[in-house]
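So the structure is just underneath, and the comments pick up after that.
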Protein chains: 2
Amino acid sequence: MSHTTGIRQVQKQKTRQALLDAALRLLEHQSLSSLGLREVTRAVGVAPTAFYRHFDGTAALGVALVEETLGSLHGMIGAVLAETGDSEERLDRGVELIARHVAAQPAHFRFIAREQHGGVGPVREAITAQLRLFAEEVAAALAAEPDSAGWDPADLLMLGGLYVDHMVITASALLDAGPGGEEEVVRVARRRLRLVTLGRAHWLDEAP
Amino acid sequence: MSHTTGIRQVQKQKTRQALLDAALRLLEHQSLSSLGLREVTRAVGVAPTAFYRHFDGTAALGVALVEETLGSLHGMIGAVLAETGDSEERLDRGVELIARHVAAQPAHFRFIAREQHGGVGPVREAITAQLRLFAEEVAAALAAEPDSAGWDPADLLMLGGLYVDHMVITASALLDAGPGGEEEVVRVARRRLRLVTLGRAHWLDEAP
DNA sequence: ATAGTCAGTGAACAGTCGTACTCTCAATTG
DNA sequence: CAATTGAGAGTACGACTGTTCACTGACTAT
């Protein structure tokens, strides 16, 4: 075996990441379908043709950005939901978690919110698939709770989807809210969640 | 006074509408920020320069499309909510109303969902403003109901916003769902609304 | 040491784009 | 009637786009 550092591979990954970073920055003020291939390479300081060494086109770059953004979030929500403690407490913690992540990586969430219904098919589908995965994870976490006794699995998935959609809406609202307006968004998001939780508590009151 | 038919004005409005229609059709598979001015005029069969007689640019055209799409919906929701009848019944009717409108004018709703978080600032703001108006209308309609006795106005606005956001999500889901999958979307949307309604019924159970 | 691999270069291609001009000629006005 | 208006046509401009091709030269495997 050799002590090869793999300089080649490392450098390639480095420029690839540079392309992703530059694209994400450019996408803060426009959508993917209007993002030019040359625009990205220019921002990195690389010849336009070098782009093809990493991606087939801007659409493929978009899909990679989806993975980068949402791939790292898996399990995190489940971890929060699995925490012990008061229901109200967990709820607040979940909202806070979102707020912190959005504040830490605004561009990533902006991108997701923007391209969730955007004009580039493959990217849209990638986001939809990831969000559905999240909904299933949340549903699985909910199923483990005693409050979910007697619930139809399909209804749990419905609830999970409701939470996920709300998460996306909240993230987007946080981005749209200027600095200082975030507190109000968080307050409303918490009340919304409380209302949903109330509905959940009385879901089985009626006859199915 | 004259019996002028105003042929000039009529023709202008006609081509203006043709531009809007053509743009809406083109926007089904791309987003506004990538829509070319020439692309639209080509679809209409008009010289590119003629575009400026009607809009400052594609952004202004987008704002006009927002007005056209959401302007006609005002009051409709209020009318549904004002209907007498069982709460469950009204709920189903509301979902059905959305489903019918989305099926009747898919392109309009696709446009709204796509540009709500899109890359064109003025359009995004126009949509946000209209949706907030809807939320306020819904809140006002809810306030008139006996179930809302004792509710904080801010909480009613929260609930109205929840309904509106849910409406947008449902519309988008209907568009993404292929033909035949719509029934499932409607079913889930109804269950979501029922859960929210349940939460609403028990909102005042706890101490504020 | 040598041959091969491959990330990145640079020039050139045919298009498309937005916008500024001038011009036309039918509808309107007085 | 004649004078004016204004929606749309036509041309031209420079700038930008995605993609192709042959190429260099540092790294890699043998």
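The structure presented is a predicted model; accordingly, all values stated were derived computationally and were not measured. Throughout, protein chains are lettered first and strands after them, A, B, ... in sequence-line order, and every chain is numbered starting at 1.
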Write down the distance between [atom1] ([X]) and [atom2] ([N]), rounded to a whole number of angstrom.
X: B:Gln11; N: D:dG6; atom1: CD; atom2: P; answer: 17 Å
X: B:Phe51; N: C:dG18; atom1: CZ; atom2: C1'; answer: 11 Å
X: B:Phe55; N: D:dA7; atom1: CZ; atom2: C1'; answer: 14 Å
X: A:Gln13; N: D:dC27; atom1: CD; atom2: P; answer: 17 Å
X: B:Lys12; N: C:dT28; atom1: NZ; atom2: C1'; answer: 14 Å
X: A:Gln9; N: C:dT5; atom1: CD; atom2: C1'; answer: 11 Å
X: A:Ile7; N: C:dC6; atom1: CD1; atom2: C1'; answer: 15 Å

- Task: If a protein heavy atom is under 4.0 Å from the base, mark B; if only from the sugar-phosphate, S; if neither, -; do that for nucleotides 18-23 of chain D going 5' to 3'.
- Result: BBBB--
- Please determine if A:Glu145 and A:Arg200 form a salt bridge, counting it only when a charged side-chain N lies under 4.0 Å from a carboxylate O.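 A salt bridge is present here (some side-chain N lies under 4.0 Å from a carboxylate O).
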- Salt bridge or not for B:Arg194 and B:Glu88, using N-O below 4.0 Å?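 Salt bridge present between B:Arg194 and B:Glu88.
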- Looking for any heavy atom pair under 4.0 Å, which part of the strands does A:Arg42 touch: base, sugar-phosphate only, or nothing?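 Sugar-phosphate, no base atom in range.
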Looking at [Y], is its backbone amide N or carbonyl O close enough to the side chain of [X] to form a donor-acceptor pair, meaning the two atoms are under 3.5 Å apart?
X: A:Arg25; Y: A:Leu20; result: no
X: B:Glu39; Y: B:Gly36; result: yes
X: B:Thr69; Y: B:Leu65; result: yes
X: A:Arg114; Y: A:Glu28; result: yes
X: B:Arg190; Y: B:Asp92; result: no

- The dot-bracket string of DNA chain C, counting Watson-Crick and G-U wobble pairs with both distances under 3.5 Å, using [ ] for crossing pairs and | for pairs to another strand, is ||||||||||||||||||||||||||||||
- Task: Identify the heavy atoms of B:Ala23 and B:Leu35 that sit nearest to each other, and give their distance.
- Result: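 Smallest heavy-atom distance, with atoms named: CB-CD2, 4.1 Å.
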- Nearest atoms (heavy-atom pairs only) where A:Leu70 meets A:His74: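 Reported closest heavy-atom pair: O-CD2, 3.6 Å.
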- Between C:dT28, C:dG8, D:dA9, which one does the side chain of A:Ala50 approach most closely?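 Of all the options, the side chain of A:Ala50 is nearest to C:dG8.
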